[in-house]
Amino acid sequence: MMNKHLIAPSLLAADFGRLREELEMFNASDADWLHLDVMDGKFVPNITFGMFIIEAINKVVTKPLDVHLMIVEPERFVPEFVAAGADVISVHYEACPHLHRNLQQIRQLGAKAGVALNPHTPVHLLKDVLFDIDLVCLMSVNPGFGGQKFIETTYQKIRELRQMADGMGHGSLMIEIDGGVTTQNAEALLRAGANVLVAGSSVFKASDPAAAISELKKLNPYTQTV
Ligand code: DX5
Ligand code: ZN
């Protein structure tokens, strides 16, 4: 049961002037996926990078790319993100009036289909499409920026979602937590039912990022009680 969970460092907090070094650190580390935050300045009040940069990153990175699309009408660009190397693509529930169709598009292109939920969006809204989803990304901050404070109501959302998925027979659903994850709260998040932890600042702003990743990876929530 050890190390069942995945660690996905978020590149948003990296030093982009030293991008290759950061990516090589990631490759050599205990991390599982590289989390890439794509922002369009419209769905969220910030702009980051797109498929051109991801394609370049993919040439250096040796592990799966977990692409978090914080953009309106993501279906316009999903084929290009898959072509750029995305292994997991999460679209936002709040940006997708045709979510069922969008999820099928992602899977048909060969990627894992993810849905991200803003902090105010309840998990029960995913019930009717749950089997079309490989991963739910629960935002534990408001999307748009790294380094924000973790929102405590996330624990309850994790428990509800895990219960709903188990109750429906979708035990393989991955639950990813994105925002404000640290070694302080990671174990409790895993105990609540999460199994993918995104960590930006707590990894890349640490004095030893590879050690910070190992610490998150080493956690074994099942040996302790709350
Ligand atoms: C926020 C992004 C996160 C961000 C997390 O919109 O989705 O992935 O990088 O950063 P930290 O871990 O610093 O909260
Ligand atoms: Zn993210």
Side-chain angles (χ1 to χ4, degrees), residues 5-16 19 22-23 25-26 29 31-51 53-54 57 61 64-72 74 77 81 86-96 106 111-121 134-155 157-158 174-190 194-207 209 212-213 215-217 219:
H5 61 280
L6 306 182
I7 304 300
S10 168
L11 197 66
L12 191 62
D15 178 354
F16 278 71
L19 188 54
E22 299 277 52
L23 296 176
M25 178 283 298
F26 166 81
S29 77
D32 299 282
W33 293 350
L34 184 65
H35 185 84
L36 296 166
D37 291 300
V38 177
M39 305 187 190
D40 66 354
K42 184 146 174 89
F43 181 70
V44 288
N46 198 4
I47 298 178
T48 54
F49 46 80
M51 48 286 225
I53 301 288
I54 292 181
I57 288 170
V61 167
L65 302 183
D66 173 34
V67 175
H68 178 190
L69 296 181
M70 285 162 274
I71 66 177
V72 298
F77 298 112
F81 281 109
D87 296 281
V88 184
I89 294 197
S90 293
V91 293
H92 263 266
Y93 176 88
E94 303 82 7
C96 294
I106 297 171
K112 282 194 175 19
V115 179
L117 297 185
N118 278 341
H120 74 279
T121 305
D134 298 300
L135 172 144
V136 175
C137 174
L138 294 178
M139 293 306 304
S140 40
V141 298
N142 285 298
F145 303 92
Q148 302 180 79
K149 191 175 170 300
F150 179 84
I151 298 171
E152 297 287 328
T153 48
T154 308
Y155 294 110
K157 290 178 80 169
I158 301 171
M174 289 182 278
I175 302 182
E176 175 178 68
I177 309 304
D178 187 7
V181 173
T182 66
T183 47
Q184 308 306 305
N185 58 19
E187 219 152 39
L189 292 167
L190 297 172
N195 53 2
V196 185
L197 301 179
V198 174
S201 313
S202 68
V203 163
F204 286 102
K205 308 289 191 216
S207 55
I213 292 169
E215 215 175 313
L216 288 167
K217 184 68 185 171
L219 297 173

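For this chain, numbers begin at 1 and follow the sequence in order. Just follow the structure's listing: the first ligand is 1, and inside any ligand the first atom is 1. Note that the structure is predicted; figures quoted are calculated from it, not measured.
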Give yes if a backbone or side-chain nitrogen or oxygen of G147 is under 3.5 Å from a nitrogen or oxygen of ligand 1, and no if not.
yes

Taking only non-hydrogen atoms of F145 and a 4.0 Å limit, the atoms of ligand 1 in range are 1 (C), 6 (O)

Counting each atom of ligand 1 from 1 as listed, which ones have a heavy atom of M39 under 4.0 Å away?
6 (O)

Determine whether any heavy atom of S202 lies closer than 4.0 Å to an atom of ligand 1.
no

Ignoring angles and geometry beyond distance, decide whether N142 reaches within less than 3.5 Å of ligand 1 through its nitrogen or oxygen atoms.
no

Among N, O or S atoms, D37 approaches the Zn ion (ligand 2) most closely through OD1

Nitrogen or oxygen atoms of L12 and ligand 1 under 3.5 Å apart
no

Number the atoms of ligand 1 from 1 as they appear, then name those within less than 4.0 Å of a heavy atom of H35, with their elements.
8 (O)

Check all N, O or S atoms of D178 and name the one closest to the Zn ion (ligand 2).
OD2

Audit row: F26, F204, ring pair (Phe, Tyr, Trp, His ring centres under 6.0 Å) steps and yes/no:
CA-CA 10 Å; F26 166 81; F204 286 102; 8.1 Å; no

So, regarding P143 and ligand 1 (criterion: nitrogen or oxygen to nitrogen or oxygen, under 3.5 Å), is there a contact or not?
no

One residue to check: S201. Relative to ligand 1, which of side chain, backbone, both or neither has a non-hydrogen atom less than 4.0 Å away?
both

Any N or O of G144 closer than 3.5 Å to N or O of ligand 1:
yes

Please determine whether H35 has a backbone or side-chain N, O or S atom lying under 2.8 Å from the Zn ion (ligand 2).
yes

Among the heavy atoms of M70, does any lie under 4.0 Å from an atom of ligand 1?
yes

